[in-house]
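The structure under discussion appears below in the form of structure tokens.
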Amino acid sequence: MSKILVIAEAGVNHNGSLKTAKKLVETAKECGADIVKFQTFNPRKLASGQAQMAEYQKKNIGKEETQEAMLHKLALDRGEFRSLAYYCDKVGIQFLSTPFDIESIHFLSDMQDIWKIPSGEITDYPYLVEIAKTGKKIILSTGMSTLEEVDAALHILKKGVPKEITLLHCTTEYPVPVKDVNLRAMLTLKARFGYDVGYSDHTSGIEIAIAAAAMGATMIEKHFTLDRGMEGPDHKASLEPCELDSMIRAVRNVEQAMGDGYKRVTASEMENIKIVRKSIVASKDIKKGESLSESNITTKRPGNGVSPMEWLDVLGTNAIRDFREDELIEL
């Protein structure tokens, strides 16, 4: 099985602070993530003054304001993003940021060789066209979408002849009720479109992401924060560092456990064969020349003698020597 790419989604959990963003980079690296991902946007280009906050945002922030007002508090400027990308390179983890408007696509174009398209942009035709023009690798989240909408988005993106496309199953709620996860839809995406698939996880714990890894996800994305108690829209639906570390360790274990699918005796099993399998043994004392029958032989551990699978071949043969009860039969 190929390595599962783990994206630690820092998003806007830096709360507009470059210092906090750098700490998130360090944490993602320490926990073993492959990529740390942020979000790049111009608040005025992303939301109109009339756009209202989502219910989960109101609940998590504890007040109501326009999306634009909220986004202004969560944005990093262009210089800070360049500094952040440089810092990721210094720390040794791949930088990635999701653009939320065309201006941000242009800005990020020379900073990364892959695009992560968020679920909310899957029906944004001009945005998708601009992404397609670059011909870069694409990760497409499919939250809130039907198969027909995914198909329409892919039709646009494929015009740019992208190097690679990965589809992420996602349920856009923060946090997602487990009953709404529908993890098998990830396999439906693979069957329908033929691309690699992964899972962008918005559930509260780590077990669903681990299950996705076992089901064949090639990529896992998960929000994380330094502290769930921080103010902001996404902290409460994010993992804290110790949880992110546990999730990534579990995903790596699943990755190894999946193997190549061939059934074979492993090296670790070889020594146990003679311990837990059985051999043909004498069930009572047997004299040399006595006929071996079901009345004087049986099967018992250890398994380093004649295999019980040779039972029919042994029956009716004569004992080559005296055997004591429980002694391994020799032929």
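Please read these numbers as outputs of a predicted model, since none were measured by experiment.
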Item to check | 4.5 Å side-chain heavy-atom contact, Thr134 and Trp115 | outcome: yes

Checklist entry - Are Lys287 and Glu290 within salt-bridge range, i.e. N to O under 4.0 Å? => result no

Item to check | Ion pair check, Lys300 and Asp326, cut-off under 4.0 Å | outcome: yes

Checklist entry - Given side chains that start at C-beta, do those of Val254 and Ile210 come closer than 4.5 Å, heavy atoms only? => result yes

Next on the checklist: I'd like to know if the side chain of Ser307 and the backbone of Glu310 have a donor-acceptor N/O pair within less than 3.5 Å.
Outcome noted: no

Item to check | Arg44 bridged to Glu103 by N-O distance under 4.0 Å | outcome: no

Item to check | Gap separating the CZ atom of Phe107 from the OG1 atom of Thr40, nearest 0.5 angstrom | outcome: 6.5 Å

Next on the checklist: Working note: Ser295 + Ser293, criterion side chain to side chain donor-acceptor pair (under 3.5 Å); need CA distance, chi angles, decisive distance, verdict.
Outcome noted: CA-CA 5 Å; Ser295 65; Ser293 67; 2.7 Å; yes

Next on the checklist: I'd like to check Val12 versus Phe41 (side-chain heavy atoms, cut-off strictly below 4.5 Å). Are they in contact?
Outcome noted: yes

Checklist entry - Would you say the side-chain atoms of Ser83 pair up with the backbone N or O of Gly79, donor to acceptor, closer than 3.5 Å? => result no

Checklist entry - Would Met230 end up clustered with Phe38 when hydrophobic side chains under 4.5 Å apart are linked, directly or stepwise? => result yes

Checklist entry - Hey, does the side chain of Thr98 reach the backbone of Lys116 with a donor-acceptor pair shorter than 3.5 angstrom? => result yes

Checklist entry - Does the pair Gln112 and Lys37 meet the rule for a side chain to side chain contact (heavy atoms under 4.5 Å, CB included), with working shown? => result CA-CA 11 Å; Gln112 53 193 43; Lys37 190 180 83 65; over 6 Å; no

Item to check | Single-linkage hydrophobic cluster, 4.5 Å side-chain cutoff, Ile165 and Ile4 together | outcome: yes

Checklist entry - Can you check whether Asp196's main-chain N or O pairs, donor with acceptor, with Thr218's side chain at less than 3.5 Å? => result no

Checklist entry - Listed by chain and number, what are the ring-ring contact (aromatic ring centres under 6.0 Å, His included) partners of His14, not counting sequence neighbours? => result none

Item to check | same_hphob_cluster(Leu315, Leu292) at 4.5 Å side-chain heavy-atom cutoff | outcome: yes

Per-pair distances, 0.1 Å, donor-acceptor, side chain in residues 152-160, under 3.5 Å, sequence neighbours excluded:
none

Checklist entry - Counting distance only, does the side-chain N/O of His202 pair as donor-acceptor with the main-chain N or O of Ser238 below 3.5 Å? => result no

Next on the checklist: Within a 6.0 Å radius of atom CD on Glu148, are there more than 12 heavy atoms belonging to other residues, nucleotides or ligands?
Outcome noted: yes

Next on the checklist: Do Val181 and Tyr199 make a side-chain contact, defined as non-hydrogen atoms from C-beta onward lying under 4.5 Å apart?
Outcome noted: yes

Checklist entry - Looking at residues at least two apart in the chain, or sitting in another chain, which of them share a side chain to side chain contact (heavy atoms under 4.5 Å, CB included) with Ser48? => result Gln50, Ala51

Checklist entry - Would Glu255 and Arg252 count as a salt bridge (Lys or Arg N to Asp or Glu O under 4.0 Å) if you check the C-alpha gap in whole Å, the side-chain angles of each, and the deciding distance to 0.1 Å? => result CA-CA 5 Å; Glu255 189 177 78; Arg252 296 298 176 226; 3.0 Å; yes

Checklist entry - Roughly how far, to the nearest 0.5 Å, is the CD1 atom of Ile35 from the CD1 atom of Ile93? => result 8.0 Å

Next on the checklist: Nearest 0.5 Å, please: how far is CG in Asp322 from NZ in Lys288?
Outcome noted: 8.0 Å

Checklist outcome for this item: Note: Cys31 and Pro241 closest approach over all heavy atoms is SG-O, 3.4 Å

Item to check | Approximate separation, where rounding is to 0.5 Å, of Glu30 CD and Asp245 CG | outcome: 9.5 Å

Checklist outcome for this item: In short, Thr171 meets Val176 closest at the heavy-atom pair O-CG2, 3.1 Å

Next on the checklist: Quick check: is Met111 connected to Tyr86 through a chain of hydrophobic side chains (ILVMFWY, heavy atoms under 4.5 Å apart)?
Outcome noted: no

Checklist entry - Hey, are the side chains of Thr123 and Tyr125 touching, using non-hydrogen atoms and a 4.5 Å cut-off? => result no

Item to check | Cys88 side chain near Val36 side chain, heavy-atom distance below 4.5 Å | outcome: yes

Item to check | N/O donor-acceptor pair under 3.5 Å between Glu221 side chain and Ile7 backbone | outcome: no

Next on the checklist: Which heavy atom of Arg184 sits nearest to which heavy atom of Met215, and what is that distance?
Outcome noted: CA-CE, 4.1 Å

Item to check | Carboxylate-amine/guanidinium proximity below 4.0 Å for Lys136 and Glu164 | outcome: no

Checklist entry - When you look at CZ of Arg249, are more than 12 heavy atoms from neighbouring residues, nucleotides or ligands closer to it than 6.0 Å? => result no

Item to check | Glu130 bridged to Lys133 by N-O distance under 4.0 Å | outcome: yes

Item to check | Residue pair Glu243 / Ile206: nearest heavy atoms and the distance that separates them | outcome: O-CG2, 3.9 Å

Checklist entry - If we only count heavy atoms from C-beta on, is the Phe95 to Tyr87 side-chain gap below 4.5 Å? => result no

Item to check | Value rounded to 0.5 Å, distance of NZ in Lys284 from CD1 in Ile297 | outcome: 11.5 Å

Checklist entry - Is there a donor-acceptor contact under 3.5 Å from the side chain of Thr225 to the main chain of His235? => result no

Checklist outcome for this item: Of all heavy-atom pairs linking Leu183 and Ala212, the shortest is CD2-N, 3.7 Å

Item to check | Interatomic spacing from CG in Leu46 to CD in Glu68 - rounded to 0.5 Å | outcome: 9.5 Å

Next on the checklist: Checking Thr299 against Met309 for the side chain to side chain contact (heavy atoms under 4.5 Å, CB included) test, could you report, in this order, the C-alpha distance in whole Å, the side-chain angles of both residues, the deciding distance, and whether it holds?
Outcome noted: CA-CA 10 Å; Thr299 62; Met309 294 300 286; over 6 Å; no

Next on the checklist: Check Lys222 with Asp201, please: is the shortest side-chain N to carboxylate O separation under 4.0 Å?
Outcome noted: yes

Checklist entry - Ignoring hydrogens and geometry, is there a side-chain-to-backbone donor-acceptor pair from Glu121 to Pro118 under 3.5 Å? => result no

Checklist entry - Between Lys73 and Glu65, is there a side-chain N and carboxylate O pair less than 4.0 Å apart? => result yes

Checklist entry - Any link between Ile114 and Tyr127 through a network of hydrophobic side chains (Ile, Leu, Val, Met, Phe, Trp, Tyr) touching at under 4.5 Å? => result no

Checklist entry - Are any non-hydrogen side-chain atoms of Ile139 and Ile117 less than 4.5 angstrom apart? => result no

Checklist entry - Would Glu173 and Asp180 satisfy side chain to side chain contact (heavy atoms under 4.5 Å, CB included), going step by step from the backbone distance to the final call? => result CA-CA 9 Å; Glu173 177 62 305; Asp180 289 341; over 6 Å; no

Checklist entry - Within a radius of less than 6.0 Å around CZ of Arg228, do more than 12 heavy atoms belonging to other residues, nucleotides or ligands occur? => result yes

Checklist entry - Taking it one step at a time, do Leu71 and Phe100 satisfy side chain to side chain contact (heavy atoms under 4.5 Å, CB included)? => result CA-CA 12 Å; Leu71 292 169; Phe100 280 79; over 6 Å; no

Next on the checklist: Tell me whether Lys3 is salt-bridged to Asp34, with the criterion being a basic N under 4.0 Å from an acidic carboxylate O.
Outcome noted: yes

Next on the checklist: So does Ile275 get a backbone contact from the side chain of Asn272, meaning a donor-acceptor N/O pair under 3.5 Å?
Outcome noted: no

Checklist entry - When you check the gap from the basic side-chain N to the acidic O, do Glu330 and Arg321 get nearer than 4.0 Å? => result yes

Item to check | Shortest non-hydrogen separation from Thr203 to Pro175 and the atoms involved | outcome: C-CB, 4.4 Å

Checklist entry - Is it true that a side-chain atom of Thr142 and a backbone atom of Leu168 form a donor plus acceptor pair closer than 3.5 Å? => result yes

